[in-house]
Amino acid sequence: MNIHDRIAAQLPAWRERVNRLRREFGALKVGEVTVEQIYGGIRGVQIQVSDISYVDPLEGIRLRGYSIPEVIDYLPKVQGAEFPMAGGLFYLLMGDTLPTEEEALEVERAWYERSEIPEHVYKTIQSFPPNTHPMTLFSAAILALQPDSIFARLYAERVFSYEGLPKSDYWIYYLEDSLNLTAKLPGIASFIYNLKYRNGEIIPYRPDLDWGANFANMIGKGDDPRYHDLARLFLVIHSDHEGGNVSAHTAHLVSSALSDVYYSCAAGMTGLAGPLHGLANQECLKWLLNLLDHFGGRIPEREELKSYLNEQIKMGRVIPGYGHAVLRTTDPRFTVQFEFAKKYLADDQIFQLVRLVYEVLPPILAQTGKVKNPWPNVDAINGALQYHFGVTQFDFYTVMFGVSRILGLTAHIVWARALGKPIERPKSLTTPMLEELTAKAQPVPVVRMPVMD
Ligand code: CMX
């Protein structure tokens, strides 16, 4: 069944489930909000529903209910590959069903057919100054595709016309836009890479390669099947991390105004470009290289590293790649890449450093008593792997993250339209209002629990 029909088949049941909850339990309270949460990044406040994925604090991400190892195990793979095709993952995220090999290949074929990039997009990218960050180019290229939005065109033409555009059909055009956009991402990302760091060539999208392998091929890694597999792994594991992270939440919010897929994903990408979110993977490799430099290009002894890290923490430095707003364990996306590295690049110096930091840093972070999650997140290893395979330009890593993350963002926003979600509009308060409220209350300070080793 193709992806459109798969969603259409699921929709009546999903709509009924959501409608029943709203109809029968609309006034039921789900939680409460504290003053600390209002000022503290609305952390932990349950403000939305995401059925695409869920981050369990102790288990990590589940994509449509499947853990990272399950996703890698169950999704179809091309012959000889260790990791799945992104087409199958896209089908799973969108269609809420594990695809057959044929269904995954159908997405891959649709991507190939839609992969041609309009000339003006290349020109847009080329028009920026040479020192522009690749994430700016990537976001701008997505916006440059916006004039092709089918949803935006049909909405403008039909919504106030006699013919009309039923709200219940919006998702169909969002899905079309999503397929059109995701099909072009390997080409856009690789053009940015080739323009900034290689010879500026445009390598055509090949019908005999899957989406991830095409990306690898188009950045000049045509002769490296192991990197093709790493690209597949990278592009599958970064695709989604439930609905509340900055990029997913932003794209969802923007699309709630019926801004199309291009506007919404470009907005999500500008959020991903922040150092506390997607940019952390470039920061992390920079940090590892500086660390190596600090020790004169050698792997430090365990005790040396310990005292260096203790000093950094005492100075209030944030160590990139460690900690998480939701996770309270080692990120399974770190683990799967760690296993890959142990198998294929155990002797790599940067990987050895990653390994040593992983052994030494968590107890130090835990001893601070304030870091809620002392364990590595996915960014603690991403860069080390790319670096090993010659993708050494670390300001490109967030673009790769973005290529993958848009698979998740589009699934969120297609389903938001399919379930008829309205425009988001939370209410804000003023500080005097809170002061007035607290004037009548007993003090209730937040108690910070020390994190145990
Ligand atoms: N190194 C040093 N201190 C850290 C730390 C780290 N890696 N992670 C958290 N802390 C500190 C915070 O700075 C904060 O200190 P203050 O109270 O003095 O401001 C304290 O510990 C409490 O923070 P937290 O509640 O544990 O973490 P948050 O939820 O506020 O922030 C995150 C989460 C990821 C932004 C933070 O851990 C961090 O900055 N990590 C490094 C950057 C990084 O790896 N980002 C990638 C995130 C991955 C993703 O987006 O999926």
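This structure is a prediction, so every number in the text was calculated from the model and none was measured. All ligand and atom numbering here is 1-based and tracks the order in the structure.
- Listed for the Ser53 side chain is no donor-acceptor partner under 3.5 Å among the backbone atoms of Asp240.
- His412 has its ring centre no less than 6.0 Å from the ring centre of His249.
- With sequence neighbours excluded, no residue satisfies side-chain hydrogen bond (donor to acceptor under 3.5 Å, both in side chains) with Gln126.
- At a 4.0 Å heavy-atom cut-off, ligand 1 touches Val318 through backbone and side chain alike.
- Proximity to Asp379 (heavy-atom distance under 4.0 Å) selects the following atoms of ligand 1: 46 (C), 48 (C).
- In summary, the atoms of ligand 1 found under 4.0 Å from a heavy atom of Gly321, numbered by their order in the structure, are 43 (C), 44 (O).
- When atom types are taken as modelled, the side chain of Glu103 and the backbone of Thr97 share no donor-acceptor pair closer than 3.5 angstrom.
- Residue Leu365 has at least one heavy-atom neighbour below 4.0 Å for each of these atoms of ligand 1: 1 (N), 2 (C).
- Heavy-atom contacts of Arg43 reach the following atoms of ligand 1: 28 (P), 29 (O), 30 (O) (cutoff under 4.0 Å).
- Between Glu301 and Lys306 there is no salt bridge, since no side-chain N of the basic residue sits under 4.0 Å from a carboxylate O of the acidic one.
- Taking the six-membered ring for Trp and the full ring otherwise, the centers of Tyr387 and Phe351 sit at least 6.0 Å from each other.
- Where the criterion is an N or O separation shorter than 3.5 Å, residue side chain and backbone included, Lys372 meets it with respect to ligand 1.
- Atom numbering of ligand 1 starts at 1 in the shown order; those under 4.0 Å from a heavy atom of Arg317 are 2 (C).
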